Q: 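If you scroll down you'll find the structure; I have some questions about it.
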Amino acid sequence: MKVMGEKLRTHEIFIPDVLKASRAMHAALHVLRPIISHSSSAPKGLVVIGTVAGDLHDIGKNMVTMMLSGHGYTVIDLGIDVTKEQFAEAVIQYQPNVLALSALLTTTMPEMQNVIEYLQSRNLRNQVKITIGGAPTTIEFAQEIGADAYSENVFDCIEAVDDLVAGKIGPHSTSGAF
C-alpha cells in the first residue's frame, strides 16, 4: 500500500487502482488474521486502538491490531472515526496500558491532539500511555501533541508498545522519561 501511495502521488496510477489494491489488502488481512493474531502466551497488556474522528482509513490500524494480538497483547479496536469522547470512555472502561491513535489524513491529525487534550481535561491522561501512527505523522508531531511514542510502521508500533508497557525509553519514545 505504501508503494501504491507513492505511485498515486507520481501519477503512475489512479484512484481506482488504489481502491482495487485496498480491497485486495482487506481480503488478504481477512485470510491472514487467524494466523497472524494467534498467540498462546499469557497477555502482555491491554491496548485500545482506533482511527481518530473524521478519518475512515483502517488498513494500517487493522494490521497493527493483528500484529499486536499475535505478540501477546489483548487489543480493543474501537474502529474508525472515533471521537475524543469515545476514546476517553474506552480508557475509563478498559483501563488499557496503551492507547494507540491512528490517522491517515493530514486533515485529521489535529484530532490526535484533541484526544490528548480531552483526556487531560478529564484527568485521564496520566492513566494511559499514548502512541500515534499513520502516514502523515512524525515523531516531531508526536512530541508536539504530548504523545508518549510514535510509530512509523507496524513493527515500530510493536516495539513502541513493548517499551511503553515495560516503562522503558526506546527508539520510538518522544520523551526522556516515563
Side-chain angles (χ1 to χ4, degrees), residues 1-6 22 25-26 28-30 32-39 41-53 55-82 84 86-87 90-91 94-106 108-113 115-116 119 125 127-176 178:
M1 290 310 296
K2 184 176 180 180
V3 170
M4 295 298 288
E6 290 169 11
S22 175
M25 183 69 169
H26 273 287
L29 289 176
H30 178 74
L32 293 173
R33 183 180 309 270
I35 298 164
I36 293 173
S37 64
H38 177 70
S39 176
S41 60
K44 290 180 172 181
L46 178 63
V47 178
V48 168
I49 189 170
T51 301
V52 296
D55 203 322
L56 306 177
H57 297 88
D58 67 350
I59 292 175
K61 176 189 64 65
N62 291 345
M63 289 174 55
V64 167
T65 298
M66 284 190 302
M67 293 298 283
L68 285 171
S69 294
H71 278 81
Y73 289 96
T74 301
V75 181
I76 307 295
D77 185 349
L78 301 179
I80 57 172
D81 198 23
V82 182
K84 61 188 178 193
Q86 290 170 310
F87 279 117
V91 169
Y94 300 111
Q95 300 178 9
N97 303 96
V98 177
L99 180 63
L101 307 177
S102 175
L104 185 66
L105 302 173
T106 55
T108 60
M109 286 172 56
E111 190 59 28
M112 292 176 156
Q113 183 172 5
V115 171
I116 292 171
L119 291 174
R125 175 62 182 97
Q127 295 179 24
V128 65
K129 298 296 181 192
I130 298 175
T131 186
I132 68 163
T137 62
T138 64
I139 194 160
E140 293 82 12
F141 177 72
Q143 291 167 334
E144 182 182 312
I145 66 171
D148 299 301
Y150 158 75
S151 306
E152 186 173 344
N153 57 54
V154 66
F155 304 107
D156 286 353
C157 189
I158 294 165
E159 288 180 27
V161 170
D162 281 344
D163 289 344
L164 290 171
V165 170
K168 294 182 351 186
I169 304 301
H172 311 289
S173 301
T174 58
S175 66
F178 293 139

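Keep in mind it's a predicted model, so treat the numbers as computed, not measured.
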Q: Let's go through T174 and I139 carefully: what are the C-alpha distance in whole Å and the side-chain angles of both, what is the deciding distance for side chain to side chain contact (heavy atoms under 4.5 Å, CB included) to 0.1 Å, and is it a yes or a no?
A: CA-CA 7 Å; T174 58; I139 194 160; 4.1 Å; yes
Q: Report yes if the side chains of I130 and I145 come closer than 4.5 Å at any heavy-atom pair, otherwise no.
A: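 In short, these two side chains do not touch, never coming nearer than 4.5 Å.
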Q: Measuring from atom OG1 of T138 to atom CD of E140, what distance do you get when rounded to the nearest 0.5 angstrom?
A: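 Reported value, rounded in 0.5 Å steps: 4.5 Å.
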Q: Can you name the closest pair of heavy atoms from A103 and P136 and give their distance?
A: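 Shortest heavy-atom separation between A103 and P136 comes out as O-CD, 3.5 Å.
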Q: Does V165 offer a backbone N or O that forms a donor-acceptor pair with the side chain of N97 under 3.5 Å?
A: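 Pair absent, no side-chain N/O of N97 close to backbone of V165.
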Q: If you measure from CE on M112 to CZ on F87, what distance do you get to the nearest 0.5 Å?
A: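 So the gap between those two atoms works out to 8.0 Å.
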Q: Could you state the interatomic distance from CD (E144) to CD1 (I116), rounded to the nearest 0.5 Å?
A: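 Rounded to the nearest 0.5 Å, the CD-CD1 separation comes out at 10.5 Å.
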Q: Would you say I132 and F141 make side-chain contact, with heavy atoms under 4.5 Å?
A: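 Of all side-chain heavy-atom pairs linking F141 with I132, at least one is under 4.5 Å.
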Q: Please examine the side chains of V48 and V91, heavy atoms only from C-beta on, and report whether any two atoms are closer than 4.5 Å.
A: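 Not in contact.
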Q: Has the side chain of Y150 got a donor or acceptor atom that lies under 3.5 Å from a matching backbone atom of T137?
A: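 Flag set: sc Y150 to bb T137 pair under 3.5 Å.
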Q: Just one of I76, V98, V128 clears the side chain to side chain contact (heavy atoms under 4.5 Å, CB included) bar with L46, so which one?
A: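 Answer to the side chain to side chain contact (heavy atoms under 4.5 Å, CB included) test with L46 among I76, V98, V128: I76.
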Q: Just so I know, are the side chains of P96 and V47 near enough to count as touching, which here means a heavy-atom distance under 4.5 Å?
A: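 No, their side chains stay 4.5 Å or more apart.
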Q: Taking all atoms of both residues into account, what is the closest heavy-atom pair of G79 and D77, and its distance?
A: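 Shortest heavy-atom contact: N-OD1, 2.8 Å.
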Q: Any side-chain heavy atom of L119 within less than 4.5 Å of one from L99?
A: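 They are in contact (side-chain heavy atoms under 4.5 Å apart), so the answer is yes.
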Q: Rounded at 0.5 Å granularity, tell me how far OH in Y73 sits from CG in D162.
A: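 Going from the OH atom of Y73 to the CG atom of D162 covers 3.5 Å.
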Q: Measuring from atom CE of M67 to atom CG of N62, what distance do you get when rounded to the nearest 0.5 angstrom?
A: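 So the CE of M67 and the CG of N62 are separated by 13.5 Å.
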Q: Quick check against the 3.5 Å criterion: does T51 have a side-chain atom that pairs as donor or acceptor with the backbone of D58?
A: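 Pair absent, no side-chain N/O of T51 close to backbone of D58.
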Q: Nearest 0.5 Å, please: how far is CG in L78 from CD1 in I80?
A: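 Answer for the CD1-CG pair, I80 versus L78, is 12.0 Å.
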Q: Can you see which heavy atom on C157 is nearest to which on S151, and at what distance?
A: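 In terms of heavy atoms, the two residues are closest at CA-OG, 3.1 Å.
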Q: With a 4.5 Å limit on heavy-atom distance, are the side chains of T131 and D148 in contact?
A: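 The answer is no; the side chains never approach within 4.5 Å.
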Q: Is any side-chain heavy atom of Q127 closer than 4.5 Å to a side-chain heavy atom of Q95?
A: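 In short, these two side chains do not touch, never coming nearer than 4.5 Å.
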Q: Between P171 and E159, which heavy-atom pair has the shortest distance, and what is it?
A: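 Between these two residues, the closest heavy atoms are CG-OE1, 4.2 Å.
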